[in-house]
Visitor: 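Attaching a single structure in structure tokens format; questions to follow.
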Protein chains: 2
Amino acid sequence: MKEFSEYLVELKNLIKKRGLKHSAQRELILKILFHAKEHLSPEDIYNQVKKINPAIGLATVYRTLSFLEKEGMVDSVSFGAEGKRYELNRGEHHDHIICLECGKIIEFYNEELERLQEKIATGCGFKLITHQLNLYGLCKECQKDD
Amino acid sequence: MKEFSEYLVELKNLIKKRGLKHSAQRELILKILFHAKEHLSPEDIYNQVKKINPAIGLATVYRTLSFLEKEGMVDSVSFGAEGKRYELNRGEHHDHIICLECGKIIEFYNEELERLQEKIATGCGFKLITHQLNLYGLCKECQKDD
DNA sequence: TTATGTGCAAACTCTTTGCATTACC
DNA sequence: GGTAATGCAAAGAGTTTGCACATAA
């Protein structure tokens, strides 16, 4: 598993390559994403960031997330209505299965599924670039409650 | 292929069952969805509705779409960032493949894919209720432009 | 030194809500 | 006649933008 320092180097290289400047804010946001155990909303990130540096602005969080997403260092996912959430791109693509009752999210990866999608896209004349698949259902615990 | 009158009957039955009241607005919005060739945003629907009845309010469009979606008569999909879009539920589930260049959307259905998703959900201990799969890529025409 | 990044506040977009009025049953 | 639906406008939530100032290179 990649360490934070490796992601940091990646970020710094990226910034240099684009002729931009490093900042403590970007590093901090990257660190929060690295340590996140779940998918974070901009607001979530903002709240965590403020604990360490109360002066930071929400706009910086949005700008940084847009930047990181455009550069491919983070991925965004949206479940249902509640806006986009972000996760660090750890190089292992996965999809999500979401419990409609309790909101629990499980990540999964299925090789066969990936191949099938590729086949479908090709069949439609498309060159597949990416995809988002969300399965919605009831988790084991919430099935009992009915 | 089901005719509009059949959807209208379905809507009226639904309204009766819930102890609610029919309205020309709801009927009009249903009709617009029925004739739509693509996925419509609330704003799209509002603009079409206004041509026929300029007095109608955007809030009514939102309220009607929420109602129809909750009752399963329409489905919503979201592609990328641009908010939810709506389509009439014609009883044939399908997924979408979207061209990142020109925005073209193709609908497809794949039995094997459906089965596989069911299997994955079960494997995670979930009871699958629904899903949304969007494939993103370049369509045949846009591949040439590169 | 100079261009980029930031914080703040205002602006914007999309959606929801409260309320008086209208329309269905 | 009574209740639900509507239109309007205002309020909310989430996100973006302009600008003066701070800061990395």
Side-chain angles (χ1 to χ4, degrees), chain A residues 8-9 11-32 39-71 73-74 76-86, chain B residues 8-9 11-32 39-71 73-74 76-86:
Chain A
L8 187 53
V9 168
L11 175 63
K12 287 183 174 173
N13 287 339
L14 195 57
I15 286 172
K16 191 176 293 178
K17 196 168 75 181
R18 297 273 178 270
L20 303 177
K21 290 172 185 168
H22 185 69
S23 77
Q25 288 87 334
R26 286 179 176 160
E27 182 168 336
L28 179 52
I29 291 168
L30 184 69
K31 185 175 280 179
I32 285 169
H39 307 77
L40 302 179
S41 68
E43 198 72 30
D44 292 335
I45 295 170
Y46 177 55
N47 289 330
Q48 290 197 42
V49 151
K50 268 199 304 193
K51 286 181 198 159
I52 295 162
N53 175 0
I56 209 164
L58 181 54
T60 296
V61 175
Y62 276 100
R63 283 188 282 232
T64 301
L65 289 172
S66 299
F67 171 70
L68 292 174
E69 183 177 18
K70 181 164 59 71
E71 298 294 346
M73 284 198 68
V74 311
S76 71
V77 282
S78 40
F79 309 117
E82 339 95 22
K84 286 210 272 188
R85 295 182 163 267
Y86 294 84
Chain B
L8 187 53
V9 168
L11 175 62
K12 286 182 174 172
N13 287 340
L14 195 58
I15 286 172
K16 191 177 294 176
K17 197 168 76 181
R18 298 272 178 270
L20 305 177
K21 290 171 183 168
H22 186 70
S23 76
Q25 288 87 335
R26 298 217 254 235
E27 181 168 337
L28 180 52
I29 290 167
L30 184 70
K31 185 176 279 179
I32 285 168
H39 307 78
L40 301 178
S41 68
E43 197 72 29
D44 292 335
I45 295 170
Y46 178 57
N47 289 330
Q48 290 196 43
V49 151
K50 269 199 302 191
K51 288 182 196 159
I52 295 162
N53 176 359
I56 210 165
L58 182 53
T60 297
V61 175
Y62 275 100
R63 284 188 281 232
T64 301
L65 289 172
S66 299
F67 171 71
L68 293 174
E69 183 176 19
K70 180 164 58 71
E71 297 293 346
M73 284 198 68
V74 311
S76 70
V77 282
S78 40
F79 310 118
E82 338 97 19
K84 286 209 272 188
R85 295 182 162 266
Y86 294 84

Visitor: To the nearest 0.5 Å, tell me how far A:Glu27 CD sits from A:Ile15 CD1.
Guide: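 Taking CD in A:Glu27 and CD1 in A:Ile15, the distance rounds to 9.0 Å.
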Visitor: Output the distance between atom CG (A:Leu68) and atom NZ (A:Lys70), rounded to the nearest 0.5 Å.
Guide: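 With rounding to 0.5 Å, CG (A:Leu68) is 9.5 Å from NZ (A:Lys70).
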Visitor: If the helix axis at each end comes from five base pairs, how far does the helix from C:dT1-D:dA25 to C:dC25-D:dG1 deviate from straight, to 10°?
Guide: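 Between the first-five-pair axis and the last-five-pair axis there is 30°.
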Visitor: Check every nucleotide of DNA chain C for an atom under 4.0 Å from a heavy-atom of chain B, then give the first and the last such nucleotide from 5' to 3'.
Guide: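 From 5' to 3', the first and last contacting nucleotides are C:dC14 to C:dC25.
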Visitor: Between P on D:dA5 and CZ on B:Arg18, what's the gap in Å once rounded to a whole number?
Guide: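 Checked: the CZ to P distance equals 12 Å.
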Visitor: Once you round to the nearest 0.5 Å, how far does CD1 of A:Ile45 lie from CD1 of A:Ile32?
Guide: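 Those atoms lie 7.0 Å apart.
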Visitor: If you compare all heavy atoms of B:Met73 against all heavy atoms of B:Leu30, which two are closest, and at what distance to 0.1 Å?
Guide: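 The pair with the smallest heavy-atom distance is CE-CD1, 3.9 Å.
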Visitor: What residues form a ring-ring contact (aromatic ring centres under 6.0 Å, His included) with A:Phe79, not counting sequence neighbours?
Guide: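 Counting only residues at least two positions away or on another chain, A:Phe79 forms a ring-ring contact (aromatic ring centres under 6.0 Å, His included) with A:His39, A:His96.
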Visitor: How would you list, by chain and number, every residue that makes a side-chain contact (heavy atoms from CB on, under 4.5 Å) with B:Lys16, sequence neighbours excluded?
Guide: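 Testing B:Lys16 for side-chain contact (heavy atoms from CB on, under 4.5 Å), a comparison that skips the adjacent residues, returns none.
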Visitor: Check whether any side-chain N or O of A:Arg26 sits under 3.5 Å from a backbone N or O of A:Lys21 as a donor-acceptor pair, and report yes or no.
Guide: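 Looks like yes, one N/O pair under 3.5 Å.
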Visitor: Which distance, rounded to the nearest 0.5 Å, do you find between the OG1 of A:Thr64 and the CD1 of A:Ile29?
Guide: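 Rounded to the nearest 0.5 Å, the OG1-CD1 separation comes to 3.5 Å.
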Visitor: Which residues pass the side-chain contact (heavy atoms from CB on, under 4.5 Å) test with B:Ser41, not counting sequence neighbours?
Guide: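 B:Ser41 satisfies side-chain contact (heavy atoms from CB on, under 4.5 Å) with B:Glu43, B:Asp44, B:Arg85 once adjacent residues are dropped.
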Visitor: What residues, two or more places apart in sequence or in another chain, satisfy salt bridge (charged side-chain N to carboxylate O under 4.0 Å, His left out) together with B:Glu69?
Guide: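 Salt bridge (charged side-chain N to carboxylate O under 4.0 Å, His left out) list for B:Glu69, sorted by chain: B:Lys84.
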Visitor: Under the side chain to side chain donor-acceptor pair (under 3.5 Å) definition, can you give me all pairs with a residue in residues 45-63 of chain B, not counting sequence neighbours?
Guide: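 Every candidate side chain to side chain donor-acceptor pair (under 3.5 Å) pair involving residues 45-63 of chain B fails, so no pair, neighbours aside, qualifies.
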Visitor: Can you name the atoms? Protein N/O to nucleotides 23-25 of chain D N/O, anything below 3.5 Å, with the distance.
Guide:
residue, atom, partner, partner atom, Å
D:dA24, N3, A:Lys21, NZ, 3.3

Visitor: What does the B/S/- profile of nucleotides 13-20 of chain D look like, 5' to 3', with a 4.0 Å heavy-atom cutoff to protein?
Guide: -SBBBB--
Visitor: Taking side-chain contact (heavy atoms from CB on, under 4.5 Å) as the definition, give me every residue that meets it alongside A:Ile52, ordered by chain and number, with sequence neighbours left out.
Guide: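 Expected list: A:Leu28.
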Visitor: According to side-chain contact (heavy atoms from CB on, under 4.5 Å), who are the partners of B:Glu71, at least two apart in sequence or on a separate chain?
Guide: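 Checked B:Glu71 against side-chain contact (heavy atoms from CB on, under 4.5 Å); matches are B:Leu14, B:Arg18, B:Phe67.
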Visitor: Which whole-number value in Å describes the distance from B:Lys50 NZ to D:dG7 C1'?
Guide: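 Going from NZ in B:Lys50 over to C1' in D:dG7 covers 13 Å.
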